[in-house]
Amino acid sequence: MLKHLVGIYFLSILISVITAEALKNESLDRGLFFNVTITERRLNVIRLQVRVSSTKGENFTALKWLYKTYYSSIITEVKLVRGHHIDEFIKVKRLEIGFCYNFQINVQTQNGRWIGPIDQRACTKPRSPGSGTRIGITTITSIPLLIQYPYDGHFDSFRIDYENNANKFSMTVSRAVGVNQTEIEITGLVPQSCYNIDVYTVSFSESSHNSRSFTNVCTQTPLDPNSYTVIYGESSFTIFWVKFSDKYHVNVSCNYLSQVFSLNKPSLYVNGTIPGDCCVMNVNNWNYTVSRQYYVHVNESLPEYPVVISNITTRTHLNLIWREPMRSNGWIHGYTVHLFDNRITTIENYTVSCIQPEPKCSRYDSYWHQCSIFSLINNRNASINYNNSHFHLSIGGFKPGMLYHYSITANNKVGSNTTDRITVITLEDKPKSPATLFITVLNVTTMSITWSPPYITNGAITGYNVSYCSNGISGCKYTVVEGMTSVILRNLDCWKEYLVCVSALTSDGTGPQKCGVKNTSVYEPQSKISKTTASNRTIKLEFEVPCDSMDAPISYNIAYTFLDHSCTADQTNVTQRWECFPLHLCEIIGLFPHWDYSIKLQESVVDNVGRLVVGVWSNDLKVATLHSVPEEVRNVRAQNIKSDSMTVCWEKPCFLNSDIVFYNVTLNDDPYVNVYRFGAILQTECQEIADLLPYTNYTISVTASNQFGKTDPVSIIKQTDIAVPNQPRLSGIEEHATMMTVEWKPPDPYPGPTSYTVKVRDIENSETKNCQTLVYNQTKCSVFGLEEYWQYEVTITAHTERGTKQYKHSRYIQTKQSAPGPVTHLRVNHKNDIEKSHLVVIKFGPPVYRDRNGVIKAYYVRCHDTRTYRDIHFVKLNKNLTELEMTVPDQVLLNISVFAETIENGTEVYQTIFIPAGETNTPLVSSVPLVLAVIGWTLAVVLAGTTVFYKRQLHSQQSNTPVTSNANIIELSGAYDRSDYINADATKDTDGHYESIK
């Protein structure tokens, strides 16, 4: 590498010197120094140094250079300079890789004069060889090398530098066209020596900057000069020998091939050889001074199959002639003859083996000999003869008229090849007599004759001669049967003896007979039914009647077996008997439709000598009765019962009597659903019945039918479940003072047994009172213990076993008015005025809020003289007035009472006061403890010497008329009605909410 760089450096200096000398010789530019030097070359970059000097003192103003691109376009560039000495660098980029450019450089003086051009050729570096460059398998004196081309850029060739022990060598390889790699071989190397190899890419004499290097690549150790290697192919081989010359003359001599070759390498490819052949190769150098001999035994392959010339058969022998394969592909060491019978079963294998040893391929025997002496290993019933490549094999022990197969296999060291099986037939002979003969009297006019073929047929049986004779030879009849071993002889004479004989036929003639005797006068019951006709309940039987049935009465004992007609999985067979006569209708009745019956027959006959001859039972005859309507469905039941649906299920009829079935489900005699089934009919069917009413009885019927009709329905009555009730509907509310009666309509639809709870809630304190119905259909209920003239919230709840549903009335219900309670805070005082009569001041408050029991219309104040029992005053006050002054006499004991009025008079509150003479505010009684006493219907309260009486007027409409007729009745009214019930309820002042007496 260093050597290469030094060479490039000296080359650039030489170019500069030449350029300078040329400029000096130009008379036009005497006194001018113009030099161009290449300072850098890379893959796509060239760098030039331009130095110009003038000894005349001229100044330079511009430097121009131009070059032609790879695509023939011209690039021109100008650089401004200054001074009479120029030392500038020109760096040109984006050039083509491995390509040369001609640069023209000019300089311009201050006078506008251009000096030049100076031509300079410079080339970019090529890329290094590809990464796939590699060393092959070395030989004794050479190293193979595969050079992969660079993936882009231009190049012309490759330079290969290799050295060994300071001995340096170099070679150049030109680039090939149309490929991406080159294979070369470095030859003439020292055996068993190692080399360092560098591969450069060259373009226009420019080498790549880097190389592909390989170190310690060693040649092989020299081999035995006489050794060689053979690589075998199909009908070919390649031989390699140790190199001893640069050119060779080769003579190839095989049994089937002779060729001469001139080579320049120590290997040879020989094609068109015969498998198993022996080839001798004489190899000489170019001037025949050195000669070597090699021996190649070509690989054997499977032989071709033998060629059959002829096969000749007799009655007992097979004579075969075949010749050797057209191509043995090796040494044939034997043959095998395979013998098969007509069922392709191996009878025998005959082995023909070569008794010569296998020849060798060597320098002493260059001809490949085939086997010419054979022997038969197993010579039982066979003999072998070999003549002029033809084999003659004779095999005995065959049977006449039999079909055989054979094949022949040729064997060599690689394997074998066999001919196709070849069919032969031995000549036929007369057959033997039939092996067996059976004569069966079917009836008095018919016989069945059956026989079996002869044990030894001696050929193909073409038919049988059947003769049957009665009353000597004159009564004989003949028939020929082909392709069968049985015949029916009809229209025979009744009660006669027949001689029946059968003989077999081949192409060689008729064989001996086999005979038997049978008498038709001895009637043998046949127990055979000739025809059956079935209906859905009966089976008719018909029999084949002999010719003289009137003289030989026949009866038939019939047994028919069937499964019992029970709907269980373990049905058992039932056998019943029936007796018939041929001249009467034989009909079995009372059978089940669509049912299988197994019928067998035993025939009995009275022969002409009066004996009862009982035949054997016939084989079972399967007869099925015809279809009919199905039986009823089973186990109709309802399950998964809900308030609005249920599932009805049933089992299929025990006996469908057909292959299809229709199920018709009705609900209360109305069709609900039809179900069609065929094929594999399910044991259990279920259908959901929806949109039902709760707690309602339904009649469900299931009827089975088919194309022949329908059966009776099977019905059940089922009740739907109780439902969660719907919301009850309010009919009306009857209000009373202390109770209310609520009436409603039951939920729709009726959900089942339903009870109801009526809840009445006090809207003030949320206290509730309830009433419940005890009878399911009761829709009226009364709630007691309510407050008079009070608002309540009414709720009706319906209850069933499955849940509840509530109705809440949309508005509050108010009880009716009643007599109000006592007024509160009654105070009675009197004043003794000298100028006026005595005054009594009466003050009180309205009844307690909850005891007003309605709208207060008025208050009544009664002043009663207890001494005279007269009412001094009886005053009606407006509902808004709760204070009154009245004049009373002195020296009296007064009973003052006050009560309120709604729709009734309320409870009176009493207070007794004594009016003394000349004193005021003197109570009648001094302070005493509180005393309560009940006197009749009057409650007396003595408080601090004043007696207050409460009298409740209940359930009676009292008059405002005074107790005594001479009372003064005064009616007072005010402008503001403070006793209005609603306003009183809203204000709830302290005077209206005292619950206790103080």
Under 3.5 Å, side chain of [X] to main-chain N/O of [Y], donor-acceptor pair present?
| X | Y | result |
| --- | --- | --- |
| S452 | T436 | yes |
| S628 | P593 | no |
| T779 | E743 | no |
| T902 | G854 | no |
| R852 | P847 | yes |
| T754 | A798 | no |
| Y750 | T696 | no |
| T773 | Y756 | yes |
| R761 | E793 | no |
| T815 | E787 | yes |

Under 6.0 Å from the [atom1] atom of [X], do we count more than 12 heavy atoms belonging to anything else shown?
| X | atom1 | result |
| --- | --- | --- |
| D691 | CG | no |
| I717 | CD1 | no |
| K652 | NZ | yes |
| N765 | CG | yes |
| L682 | CG | yes |

Under 3.5 Å, is there a donor-acceptor pair linking the side chains of [X] and [Y]?
| X | Y | value |
| --- | --- | --- |
| Y698 | Q719 | no |
| T741 | S782 | yes |
| T575 | T561 | yes |
| H799 | T757 | yes |
| T538 | E587 | yes |
| T450 | S486 | no |
| T684 | E651 | yes |
| Q707 | S658 | yes |

Hey, does [Y] have a side-chain heavy atom less than 4.5 Å from the side chain of [X]?
| X | Y | value |
| --- | --- | --- |
| T446 | I488 | yes |
| M646 | K718 | yes |
| L591 | Y597 | yes |
| L730 | V742 | yes |
| I529 | Y556 | no |
| I689 | I700 | yes |
| W790 | D762 | yes |
| L786 | M740 | yes |

Distance (rounded to the nearest 0.5 Å) between [X] [atom1] and [Y] [atom2]:
| X | Y | atom1 | atom2 | value |
| --- | --- | --- | --- | --- |
| K816 | E734 | NZ | CD | 7.0 Å |
| E788 | E735 | CD | CD | 14.5 Å |
| L626 | H594 | CG | NE2 | 10.0 Å |
| N536 | N657 | CG | CG | 8.5 Å |
| E603 | I558 | CD | CD1 | 11.0 Å |
| R802 | I722 | CZ | CD1 | 6.0 Å |

Exercise for the section: Could you check K622 against D596 for salt bridge (Lys or Arg N to Asp or Glu O under 4.0 Å), going step by step and ending with a plain yes or no? Expected result: CA-CA 7 Å; K622 304 294 184 181; D596 292 329; over 6 Å; no
Practice task
Please lay out, stage by stage, how D644 and T720 fare under the test side chain to side chain contact (heavy atoms under 4.5 Å, CB included).
Solution key: CA-CA 7 Å; D644 59 349; T720 50; over 6 Å; no
Exercise for the section: Indicate the ring-plane relationship of W595 and F655, choosing parallel, tilted or perpendicular according to the 30° and 60° boundaries. Expected result: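 Answer is perpendicular, since the angle exceeds 60°.
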Problem - Face-on cation placement of R634 at W650 ring, 6.0 Å and 45° thresholds - result: no
If every non-hydrogen atom of [X] is compared with every non-hydrogen atom of [Y], which pair is closest and at what distance?
| X | Y | result |
| --- | --- | --- |
| W744 | S731 | C-OG, 3.4 Å |
| I599 | V623 | CD1-CG2, 4.1 Å |
| S643 | A723 | CB-CB, 3.4 Å |
| E688 | S645 | OE2-OG, 3.8 Å |
| T533 | K531 | OG1-CE, 4.0 Å |
| L656 | N706 | O-ND2, 3.5 Å |

Practice task
Could you pull out all residues at least two apart from D341 that satisfy salt bridge (charged side-chain N to carboxylate O under 4.0 Å, His left out)?
Solution key: R343
Exercise for the section: Scan T711, T703, V702, D712 and name whichever one has a side chain to side chain contact (heavy atoms under 4.5 Å, CB included) with V633. Expected result: V702
Problem - Option from P725, P694, P747 for which side chain to side chain contact (heavy atoms under 4.5 Å, CB included) with T800 holds - result: P725
Please tabulate, for side-chain N and O atoms in residues 659-674, each donor-acceptor pair with protein atoms closer than 3.5 Å (sequence neighbours left out).
| unit_1 | atom_1 | unit_2 | atom_2 | d |
| --- | --- | --- | --- | --- |
| N668 | OD1 | T699 | N | 2.8 |
| Y672 | OH | A690 | N | 2.9 |

Practice task
Could I get the full list of side-chain hydrogen bond (donor to acceptor under 3.5 Å, both in side chains) partners for N557, not counting sequence neighbours?
Solution key: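 For N557 there are no side-chain hydrogen bond (donor to acceptor under 3.5 Å, both in side chains) partners, ignoring immediate neighbours.
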Exercise for the section: Take W451 and Y464 through the ring pair (Phe, Tyr, Trp, His ring centres under 6.0 Å) test and state the conclusion after the steps. Expected result: CA-CA 10 Å; W451 61 91; Y464 294 92; 5.4 Å; yes
Practice task
For side chain to side chain contact (heavy atoms under 4.5 Å, CB included), just list the numbers for R490 and L492, CA-CA rounded to whole Å, side-chain angles, deciding distance to a tenth of an Å, and then say yes or no.
Solution key: CA-CA 5 Å; R490 304 181 186 277; L492 302 179; over 6 Å; no
Practice task
Go through V648 and R637 one step at a time and tell me if the side chain to side chain contact (heavy atoms under 4.5 Å, CB included) criterion holds.
Solution key: CA-CA 6 Å; V648 60; R637 60 198 181 275; over 6 Å; no
Practice task
Could you go through the side chain to side chain contact (heavy atoms under 4.5 Å, CB included) check for C686 and Q639 one step at a time?
Solution key: CA-CA 9 Å; C686 292; Q639 58 191 32; 4.1 Å; yes
